[in-house]
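Below is one structure, written out as structure tokens, with a few remarks after it.
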Amino acid sequence: MTGYRLRVALGLLLCPGFVWSAEKPNSCVECHKQVEGQTRGPATLAAEDVHFQRGLSCVDCHGGDPTAMDPQAAMDPAKGFLGRPRREQIPQFCARCHADPATMRKYNPNLPTDQYAKYLTSQHGKRFSVGDADVPVCISCHEAHGIRSKKDPASPVYPTNIPGTCASCHSDASIMDKHGLPVNQHWDYSQSVHGQALLFRGDRAAPHCASCHGSHEAAKPRTVAIGNVCAQCHSLTRDLFAKSPHKAAHEALGLPECEVCHGNHLIRKPSDEMLGTGQDAVCVSCHEPGSTGYVTAQQMRSAIEQLKTHMASAEAAVRHAAELGMDVGDAEFELREAMTQLTQERTYVHSFSAATMEPIAEEGTHHALRAEGQARQAIREFHFRRQGLWVTLIILALVVSGLLLKIRDLERSDSTDKMDDTSPRDSS
Ligand code: HEC
Ligand code: HEC
Ligand code: HEC
Ligand code: HEC
Ligand code: HEC
Ligand code: HEC
Ligand code: HEC
Ligand code: HEC
Ligand code: HEC
């Protein structure tokens, strides 16, 4: 204790600019702003800390007496001064307020108070409870000072920053090797459709680590519940899957629902090649040639290919008509309708039934054929108009030359008349 006092006194000596301000009785901030080294940090981060913005201060977390200018009095354990909490104390240190609805309601009744309870159920919390020093505590993900709201883009738990926050441990082999966990999640995720959308295009509809694992409750999605994780955003796909013959098959064999075909972190943009019986088709890894699954996979793929063929032919006709300067608005509308059906077909792949895809394929083909019909009609019209133009031009030319001939005829007969008039007079 004497050693501590000595260090405090030394610290005081090191803050020559320390002035006691009567209007702002917060000796903690005033003094700490001026001490050197690590102890200054917390005071400089106060302005951006959500706790300070709500009128809380150092004393609300650390205890002590913020009206005392004397360091011993200010940081007196008898006045509830807690000092620096040890790592193993931190979840409860924060939970003192955050798990107490009565305290939190005073500030923000809408802020949930379940973080600590959820944390204890997570893989992190379970390992924390048995003294594992590698797992995160509250400040690993939120910092201890300069804590920001999750809505603040500079917060480590703002959606676009979450993958980096989790990766600070999960991409570190020196930590993960001990736990037998791979370190590829962040790398794979950042290459996936989801990571590309969130990290590179800022599309916040795309999931980050906590969308799939939970934040405080972070755990591995249990094998059969993966579909539910994805269903938060891909609900139609999940509903189709749930009614498909694959649902029971996956349950019986303990196969992870969506993951079997799409993976988890490295989910790529799917292609039609994934479907059917070709080299890149996922179906052939489980379905033998001749089996119902194999035959159905072939039928489903050919339904998609047929629609694509009709659409390609329609697109070519529409492009041609547009190049000729014809109005192709209606045909383009039909093409878009066909495209909607094609997208629909790709979703309905998850019904794993050729019969379910059939009416969609028909509807799409209907629109593609209409688009092509309209485009061909426009092309015919163009040629008809051009022929009409030539006919008109020829008629015009004929009329003009007829007129010219007539005029010449008239002029000629006019001059013979004049000659007839004068010649007798001349001869007389
Ligand atoms: C007059 C200056 C002064 C005042 C007032 C003061 N501190 Fe400190 N505080 C220090 C110095 C200097 C240290 C570093 C002491 C050390 O290294 O042991 C310190 C250390 C700390 C520590 C770290 C203790 C540890 O266990 O490592 C905490 C936490 C802290 N202060 C919080 C507070 C709070 C809360 C208040 C207000 C109630 C407060 N301080 C008031 C100067 C002050
Ligand atoms: C939201 C609660 C909270 C508030 C508010 C808070 N602290 Fe802390 N403080 C902590 C926690 C938690 C730690 C332990 C950090 C660690 O172990 O890395 C800590 C550690 C410290 C330390 C030890 C050195 C360090 O940086 O780790 C000092 C000094 C300190 N706080 C001073 C202050 C001062 C001064 C204020 C006010 C300007 C303040 N704290 C406000 C939670 C808080
Ligand atoms: C593994 C990282 C991690 C740990 C550990 C962690 N948090 Fe969080 N916390 C997050 C993430 C990510 C969010 C934002 C997403 C969300 O709300 O789930 C968040 C959000 C919050 C929020 C805002 C909640 C809301 O709904 O607006 C509070 C409050 C909070 N955490 C407190 C705590 C407390 C207290 C602890 C310790 C018991 C803790 N956190 C531990 C990652 C973590
Ligand atoms: C003295 C009570 C108290 C303690 C102790 C405390 N907090 Fe808070 N915390 C609050 C209050 C009050 C708010 C502001 C709530 C609001 O108005 O939205 C808050 C807000 C937060 C937020 C922002 C939530 C959001 O996204 O809007 C986070 C994150 C947070 N605290 C984390 C922590 C962590 C981590 C600790 C422990 C180091 C801690 N708190 C300790 C009372 C406390
Ligand atoms: C401070 C380091 C640290 C941070 C930050 C961290 N983790 Fe962890 N996490 C670990 C450790 C260590 C384990 C292994 C625990 C064990 O031995 O089971 C783990 C385990 C997990 C597991 C369970 C894996 C399994 O096979 O059971 C999931 C899921 C997980 N973390 C997700 C996350 C997410 C999501 C985030 C970010 C919101 C995150 N972690 C942040 C250290 C961390
Ligand atoms: C689209 C959902 C999704 C996203 C986003 C996601 N994960 Fe996963 N994660 C999973 C699934 C599914 C599993 C496999 C779990 C199972 O089989 O039970 C998994 C497994 C894990 C595991 C266990 C070890 C392993 O690799 O199998 C860890 C650790 C993990 N994820 C961490 C992360 C981290 C860190 C991030 C962010 C960089 C992240 N995850 C992003 C869905 C996701
Ligand atoms: C938080 C919402 C969310 C969750 C959870 C989610 N996704 Fe996504 N997913 C999206 C968004 C948004 C896109 C579109 C990204 C883009 O713009 O490229 C997408 C795209 C996809 C794509 C590519 C679609 C295409 O046509 O390019 C696949 C495949 C996919 N997700 C599968 C999954 C699987 C499997 C899971 C569960 C392990 C999952 N998603 C969880 C939101 C989510
Ligand atoms: C991980 C293995 C696996 C993959 C990959 C897989 N299936 Fe299956 N599928 C099964 C199992 C197991 C059953 C149920 C037993 C059976 O009928 O073969 C099943 C059943 C089916 C059925 C119902 C068969 C019947 O007898 O009524 C169809 C149709 C089907 N799958 C289509 C597909 C298509 C299309 C793909 C590719 C997009 C595919 N499957 C990929 C494992 C798989
Ligand atoms: C048996 C393999 C298989 C399973 C299981 C599976 N998918 Fe797919 N998924 C595919 C194939 C094949 C495609 C590509 C269809 C195409 O483009 O022709 C696809 C395409 C997609 C697409 C892009 C097309 C669209 O619907 O927008 C998304 C998103 C998707 N899957 C999500 C999921 C989700 C979520 C689950 C779990 C509920 C799941 N998938 C389960 C094989 C599967």
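Counting starts at 1 for both ligands and their atoms, in listed order.
In this structure a side-chain-to-backbone donor-acceptor pair under 3.5 Å is present from H213 to A219. Side chain of S351 to main chain of S244: no donor-acceptor pair is present (N/O by atom type, distance under 3.5 Å, no hydrogens or angles). The backbone N or O of E30 sits less than 3.5 Å from a side-chain atom of Q34, completing a donor-acceptor pair. Proximity of a side-chain donor or acceptor of H265 to a complementary backbone N or O of N184 within less than 3.5 Å is not detected. A distance-only check finds no donor-acceptor pair linking the side chain of D49 to the backbone of H145 [under 3.5 Å]. The main-chain N or O of S140 is never found under 3.5 Å from a side-chain atom of E143 such that the two would form a donor-acceptor pair. A donor-acceptor distance shorter than 3.5 angstrom exists from the side chain of Q374 to the backbone of A331, with no hydrogens or angles considered. With H208 contributing its side chain and S211 its backbone, the two residues share a donor-acceptor pair below 3.5 Å. Under the 3.5 Å distance criterion, the side-chain polar atoms of Q232 are matched with a main-chain donor or acceptor of V229.
Ring pair H250/F241 is perpendicular by interplanar angle, where above 60° counts as perpendicular and below 30° as parallel. Using cut-offs of 30° and 60° for the angle between ring planes, the H98 and H51 rings count as perpendicular. By the 30° and 60° cut-offs, the orientation of the rings of F352 relative to H350 is perpendicular.
For the pair R105 and Y107, the cation-pi test (distance below 6.0 Å, angle within 45°) is failed.
Contacts between L111 and ligand 3 below 4.0 angstrom, taking non-hydrogen atoms only, involve the side chain exclusively. Using a 4.0 Å cut-off between heavy atoms, C138 contacts ligand 3 through both its backbone and its side chain. When heavy-atom distances to ligand 5 are checked against a 4.0 Å cut-off, K126 has no atom that comes that close, whether in backbone or side chain. Under 4.0 angstrom from ligand 5, the non-hydrogen atoms of L181 all belong to its side chain. Both the backbone and the side chain of K220 come within contact range of ligand 5, each with a heavy atom under 4.0 Å.
Close contacts between ligand 3 and H98 involve ligand atoms 29 (C), 35 (C) [criterion: under 4.0 Å to a heavy atom]. Those atoms of ligand 8 that come under 4.0 Å of a heavy atom in T296, given as number and element, are 29 (C). Interface of C94 with ligand 3, defined as ligand atoms under 4.0 Å from a residue heavy atom, comprises 35 (C). For ligand 3, the atoms closer than 4.0 angstrom to any heavy atom of P112 are 25 (C), 26 (O). Near L253, meaning under 4.0 Å from any of its heavy atoms, are these atoms of ligand 8: 12 (C). Listed by atom number, the atoms of ligand 5 under 4.0 Å from C169 heavy atoms are 1 (C), 2 (C), 3 (C), 4 (C), 5 (C), 42 (C), 43 (C). Per-residue contacts place C141 under 4.0 angstrom from the following atoms of ligand 3 (heavy atoms of the residue considered): 1 (C), 2 (C), 3 (C), 4 (C), 5 (C), 42 (C), 43 (C). Remark: ligand 8 atoms within the under-4.0 Å shell around heavy atoms of V260 are 1 (C). Every atom of ligand 5 is numbered from 1 in the order shown, and the set under 4.0 Å from a heavy atom of T165 is 5 (C). Numbered from 1 in the order shown, with element, the atoms of ligand 5 that lie under 4.0 Å from a heavy atom of C209 read 35 (C).
Taking a cutoff of 4.0 Å between a charged side-chain nitrogen and a carboxylate oxygen, E273 and R301 qualify as a salt bridge. Comment: E257 engages K247 in a salt bridge, judged by a side-chain N to carboxylate O separation of less than 4.0 angstrom. Between R319 and E323, no side-chain nitrogen of the basic residue sits less than 4.0 Å from a carboxylate oxygen of the acidic one, so the salt-bridge criterion is not met.
Under a 4.0 Å heavy-atom criterion, S215 is not in contact with ligand 5. Within the 4.0 Å heavy-atom cutoff, V137 counts among the residues contacting ligand 3. For the pair S285 and ligand 8, a heavy-atom separation below 4.0 Å is found. Heavy-atom distances between S140 and ligand 3 stay at or above 4.0 Å for every pair.
No hydrogens or angles considered: a donor-acceptor pair under 3.5 Å links the side chains of D100 and T103. No side-chain N or O of S122 forms a donor-acceptor pair with one of E217 less than 3.5 Å apart. Judged by distance alone, the side chains of E363 and H367 do bring a donor and an acceptor atom under 3.5 Å apart.
When only non-hydrogen protein atoms are considered, atom 5 (C) of ligand 8 lies nearest to V282 O, 3.4 Å. Nearest protein heavy-atom contact of atom 15 (C) of ligand 5 is R127 CG, 3.7 Å. Looking from atom 43 (C) of ligand 5 to the surrounding protein, the closest heavy atom is P136 CD, 3.3 Å. Closest protein heavy atom to atom 38 (C) of ligand 5: C166 SG, 2.7 Å. With respect to atom 25 (C) of ligand 3, the closest heavy atom belonging to the protein is K150 NZ, 3.6 Å. Regarding atom 32 (C) of ligand 3, its nearest protein heavy-atom neighbour is Q115 CG, 3.7 Å. Scanning all protein heavy atoms for the shortest distance to atom 13 (C) of ligand 3 gives V157 CB, 3.6 Å.
Interatomic distance, CD of E305 versus CD of E345, reported as 10.0 Å (0.5 Å rounding).
There is no protein heavy atom closer than 4.0 angstrom to atom 17 (O) of ligand 8.
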Q.
Working note: R127 + D134, criterion salt bridge (Lys or Arg N to Asp or Glu O under 4.0 Å); need CA distance, chi angles, decisive distance, verdict.
A. CA-CA 9 Å; R127 298 292 307 166; D134 290 338; over 6 Å; no

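Applying the 6.0 Å contact sphere to CZ of R87 captures more than 12 heavy atoms from other residues, nucleotides or ligands.
Residue H142 counts as close to atom 8 (Fe) of ligand 3, with an N, O or S atom under 2.8 Å. Among the backbone and side-chain atoms of H216, an N, O or S atom lies under 2.8 Å from atom 8 (Fe) of ligand 3.
Distances shorter than 2.8 Å separate atom 8 (Fe) of ligand 8 from the protein N/O/S atoms H246 NE2, H287 NE2.
Comparing E217, Q123, H170, H179 by heavy-atom distance to atom 31 (N) of ligand 5, the nearest is H170. In the candidate list M176, H213, H124, Q185, H124 is nearest to atom 41 (C) of ligand 5, counting heavy atoms. Across T292, V349, L255, heavy-atom proximity to atom 26 (O) of ligand 8 is greatest for T292.
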